[in-house]
*Asks:* 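Could you have a look at this structure, given as structure tokens, before my questions?
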Amino acid sequence: MNRHISKRTRSANRLVAALGVLALCQGLTPAFARETPAGRPAIGDTTVFASVPAPGHPFGVAVDRNRIYISTSAGDFFASPATGGHLNSDGERVFAFDKSGNLVSTTSIATMPNSDMGLFGLALDGNPTPTHQLYIADMNGRILRLGLDRDASAPAVFAQTPPPFNAGGWHTSMWNDLVFDRPGNLFMTDDKPRLWRVTPDGRPSVWFQDPRLLGFFGFAGGPLGGRIDPSGRFLYFSITISAAFPGEAVVYRLPLVDHPSAADLEVVHRFPVVPGQPLPQATGLAFAESGNLYVSLIGTNQIAVLDPSGNEVRRISSPLFDSPWGLAFMGESLLVTNADIQPVESPDRWKVLKVFVGEAGLALNRPRAFGVADSP
């Protein structure tokens, strides 16, 4: 989640454990099985799509025409040796893989001074080659834009948190996930707790804020994943650990209007706290064409499936899951980033997983972007 709950989650889990809220046992719900034709995977079948090099900790994932982009988040906001944390002095990466999971390119992203947050959300525009671009959420308070042609230069800053939200680093504002609407506005989740909108010319403003979006720990646990539904009328977003519903993970939605009101905020689904099990902790979201919504739960190491009415219809589990974070469809499978945030970091778990779900994903909005030569 924001790596708040990423490296944060490590933190969140330590804090929750200290409060006696988290238990040690997992008690995972098994994935639902269904009969499949010979040679066709079963729903929930999970394999390793790709291994992620150092600095590891894959968070964001975006599926392009012939490439898969993965962002890393290796800094630790508990950056004290006493807690096992660290600043990310080596920077982050955006890795590009082909559709077979082979690494084809690496882009280094210099971190901001004393950075202990990394990268998360990724969004692609609809520009043709050679002006096709990837937008990258740096949780330290900026959106970067990376040209994807072979001669692309270093990422440029597309937007930054404006005053007074830029004072105090991620403690004041932390942009997490990115999603375009049809006109080309870029929406971002911020667990402080608010949602932002950036116009196509790179001007950010607070789009919605409400105390019900507050995370359980105040500084962490608020809005994380965000996606627009198949109708194009609503922004859905996850709350990792809710303060309004203590300890629960929540999915809300808001209509995509210029100025949504508090009355417009709707609860889509609440993931309850189950005694003896970890807190659910919702992170990434992904819509199928059917309207089903897939929600990654890093606390229980599962993916939940909600139907278009918000009812939970399935849980997918796998022993390969280790803090499943970002979600993106590729064919009838989900690509899932293994954030590997708790309890012990291991390069062996820096994986992108492929989970068969038996349905196609909803195509994301990819507007033509301003600021490049052939943009309208």
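Just so you know, these numbers use all the heavy atoms, side chains as well, and skip hydrogens, waters and symmetry mates. Since we're looking at a predicted model, the values are computed, not measured.
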*Asks:* Just by distance, no angles: are the side chains of Thr240 and Gln281 close enough, under 3.5 Å, to form a donor-acceptor pair?
*Replies:* no
*Asks:* Verify, without hydrogens or angle tests, whether Thr337 (side chain) and Ala339 (backbone) share a donor-acceptor contact under 3.5 angstrom.
*Replies:* no
*Asks:* Output the distance between atom CE (Met174) and atom CE (Met139), rounded to the nearest 0.5 Å.
*Replies:* 6.0 Å
*Asks:* We want to know whether Asp190 and Ser173 form a side-chain donor-acceptor pair, criterion being a heavy-atom distance below 3.5 angstrom.
*Replies:* yes
*Asks:* Can you tell me if Lys354 and Thr47 form a side-chain donor-acceptor pair at under 3.5 Å?
*Replies:* no
*Asks:* Given 3.5 Å as the limit, does a donor-acceptor pair link the side chain of Ser309 with the main chain of Asn311, or not?
*Replies:* no
*Asks:* Treating Asn127 as the side-chain partner and Thr131 as the backbone partner, does any N or O pair qualify as donor plus acceptor under 3.5 Å?
*Replies:* yes
*Asks:* What distance do Asn66 atom CG and Asp64 atom CG have between them, rounded to the nearest 0.5 Å?
*Replies:* 6.5 Å
*Asks:* Please check: side-chain N/O of Ser318 versus main-chain N/O of Leu320, any donor-acceptor pairing under 3.5 Å?
*Replies:* yes
*Asks:* Report yes if some heavy atom in the side chain of His259 is under 4.5 Å from a heavy atom in the side chain of Trp207; otherwise report no.
*Replies:* no
*Asks:* With no hydrogens and no angle check, just 3.5 Å: does a side-chain donor-acceptor pair link Ser100 and Asn102?
*Replies:* no
*Asks:* Tell me if a side-chain donor or acceptor on Asp181 pairs with a main-chain N or O of Gly232 at a distance below 3.5 Å.
*Replies:* no
*Asks:* Does Asn365 reach the main-chain N or O of Phe180 with its side chain, forming a donor-acceptor pair under 3.5 Å?
*Replies:* yes
*Asks:* Going through the distances and angles, do Phe95 and Tyr69 end up as a ring pair (Phe, Tyr, Trp, His ring centres under 6.0 Å)?
*Replies:* CA-CA 6 Å; Phe95 295 111; Tyr69 295 100; over 10 Å; no
*Asks:* Look up atom CZ in Phe208 and atom CG in Leu195, then write down how far apart they are to the nearest 0.5 Å.
*Replies:* 7.0 Å
*Asks:* Is there side-chain contact between Asp191 and Pro193, with at least one heavy-atom pair below 4.5 Å?
*Replies:* no
*Asks:* Closer than 3.5 angstrom, by distance alone: can the side chain of Asp98 be matched with the main-chain N or O of Gly101 as a donor-acceptor pair?
*Replies:* yes
*Asks:* Can a donor-acceptor pair be found, under 3.5 Å and without considering hydrogens, that links the side chain of Ser242 to the backbone of Ile239?
*Replies:* no
*Asks:* Hey, would you say the Tyr236 and Phe287 ring centroids sit under 6.0 Å apart?
*Replies:* yes
*Asks:* Pair Arg227, Asp177 - check salt bridge (Lys or Arg N to Asp or Glu O under 4.0 Å), show working.
*Replies:* CA-CA 9 Å; Arg227 284 295 179 266; Asp177 208 359; 3.3 Å; yes
*Asks:* For Asp307 and Asn292, indicate whether the former's side chain and the latter's backbone hold a donor-acceptor pair under 3.5 Å.
*Replies:* no
*Asks:* Is there a donor-acceptor contact under 3.5 Å from the side chain of His57 to the main chain of Thr72?
*Replies:* no
*Asks:* Shortest non-hydrogen contact from Val268 to Tyr252?
*Replies:* CG2-C, 3.9 Å
*Asks:* Just by distance, no angles: are the side chains of Gln160 and Arg142 close enough, under 3.5 Å, to form a donor-acceptor pair?
*Replies:* no
*Asks:* So that I know where these two stand, are Trp196 and Phe187 an aromatic pair - ring centroids less than 6.0 Å apart?
*Replies:* no
*Asks:* Quick one: do the Asn338 and Arg349 side chains pair a donor with an acceptor below 3.5 Å?
*Replies:* no
*Asks:* Report yes if some heavy atom in the side chain of Arg233 is under 4.5 Å from a heavy atom in the side chain of Pro255; otherwise report no.
*Replies:* no
